[in-house]
2 protein chains.
Amino acid sequence: MTRQSATASRELEHPARDAVRLEHVLHALSDPVRLSVVRRLADGPPEQACSSFDLPVSKSTCTHHFRVLRESGVINQVYRGTAKMNALRDTDLDVLFPGLLTAVLAAARAQDGREAG
Amino acid sequence: MTRQSATASRELEHPARDAVRLEHVLHALSDPVRLSVVRRLADGPPEQACSSFDLPVSKSTCTHHFRVLRESGVINQVYRGTAKMNALRDTDLDVLFPGLLTAVLAAARAQDGREAG
DNA sequence: GTCGTACTACGATGGTTATCGTACGACCAC
DNA sequence: GTGGTCGTACGATAACCATCGTAGTACGAC
């Protein structure tokens, strides 16, 4: 019956490194919710479950934002039991666009600092 | 009659440096047409007229894109006779988000190089 | 004044996006 | 098996965005 394991059937599509486009990455990062996700991935553990983010949006919107990040090549997602783990594709991004992610993260931090005073 | 010169009355609104938001800048740069404008401003003379860009869109769309760039704080626009001159706000951006513009421009060049092979 | 160039304002349109709620599927623990 | 948690799929909606064409203003040259 070509019955593969349920987990294996839940593989997620990711763009290959060379297929990642700068415009898509910038667009993905231009949304506050998504940028906050990327910042938490950069600052915290390398793999974090969707549910651990506590975003100010509904679950379905959450799913949407994580998909945008994945399809733009910013994050990698894998299923781990019931959880879906997210990891920054920082090495891929750094090969493609050296220094870009670092600069964006630093910019976000700088802006935060300015707002906090 | 408090009649100022017509040119002076055509002042354009720009966000103050501290009002520039990272999300808006990233969004402005995430459009291919706008990114190409920014690249030409970075590579060419510091002030360039809208008409000198020869973009693959209509004049009204052109106006729209330049406005997005201005309102996000990426470029400065001034009238100079009938022409509207555009300049990158690179020093402002570099104060706010050090290295960001450089990284984006380098990324755009890298992507171009990859496509050209 | 007229004419041409540069650009804008307005209105429309079609496509994309962010958002949600509900219903469902996959997994783990029991 | 049951139940709970985590996330998805679907459908809907409202907002946004890129695009255009037309009509118009501002300026410089004549």
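So you know, we letter chains A, B, ... as the sequences are listed, proteins then strands, and number each from 1.
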Within a radius of less than 6.0 Å around CG of A/D43, do more than 12 heavy atoms belonging to other residues, nucleotides or ligands occur?
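More than 12 heavy atoms, drawn from other residues, nucleotides or ligands, come within 6.0 Å of this atom.
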
Should we count CD of A/E13 as having more than 12 external heavy atoms under 6.0 Å?
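Open.
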
Phosphate OP1/OP2 of [N]: any [X] side-chain N/O under 4.0 Å:
{"X": "B/H65", "N": "D/dT19", "result": "yes"}
{"X": "B/R34", "N": "D/dA18", "result": "yes"}
{"X": "A/S58", "N": "C/dG21", "result": "no"}
{"X": "A/S51", "N": "D/dG7", "result": "yes"}
{"X": "A/T82", "N": "D/dC6", "result": "no"}
{"X": "B/R67", "N": "C/dC7", "result": "no"}

Quick one: [X] [atom1] to [N] [atom2], roughly how many Å, whole number?
{"X": "A/H64", "N": "C/dA18", "atom1": "NE2", "atom2": "C1'", "answer": "5 Å"}
{"X": "A/Y79", "N": "C/dC27", "atom1": "OH", "atom2": "P", "answer": "9 Å"}
{"X": "B/F66", "N": "D/dC17", "atom1": "CZ", "atom2": "C1'", "answer": "18 Å"}
{"X": "A/L55", "N": "D/dG7", "atom1": "CG", "atom2": "P", "answer": "11 Å"}
{"X": "A/D54", "N": "D/dG7", "atom1": "CG", "atom2": "P", "answer": "12 Å"}
{"X": "A/L69", "N": "C/dT17", "atom1": "CG", "atom2": "C1'", "answer": "14 Å"}

Does D/dA12 have a Watson-Crick or wobble partner in any strand here, with both distances under 3.5 angstrom, and which is it?
C/dT19

Determine yes or no for a side-chain-to-main-chain donor-acceptor pair under 3.5 angstrom, with A/R40 supplying the side chain and A/S52 the backbone.
yes

Return the nearest nucleotide to the side chain of A/K59; candidates are D/dT19, D/dG7, C/dA18.
D/dG7

Base C/dG21 paired with A/S60 side chain (donor-acceptor, <3.5 Å)
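It does, because a donor-acceptor pair links the side chain of A/S60 to the base of C/dG21 below 3.5 Å.
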
When you check the side-chain N and O atoms of A/Q48 and A/N86, is any donor under 3.5 Å from an acceptor?
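A/Q48 vs A/N86: no donor-acceptor pair found between side chains.
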
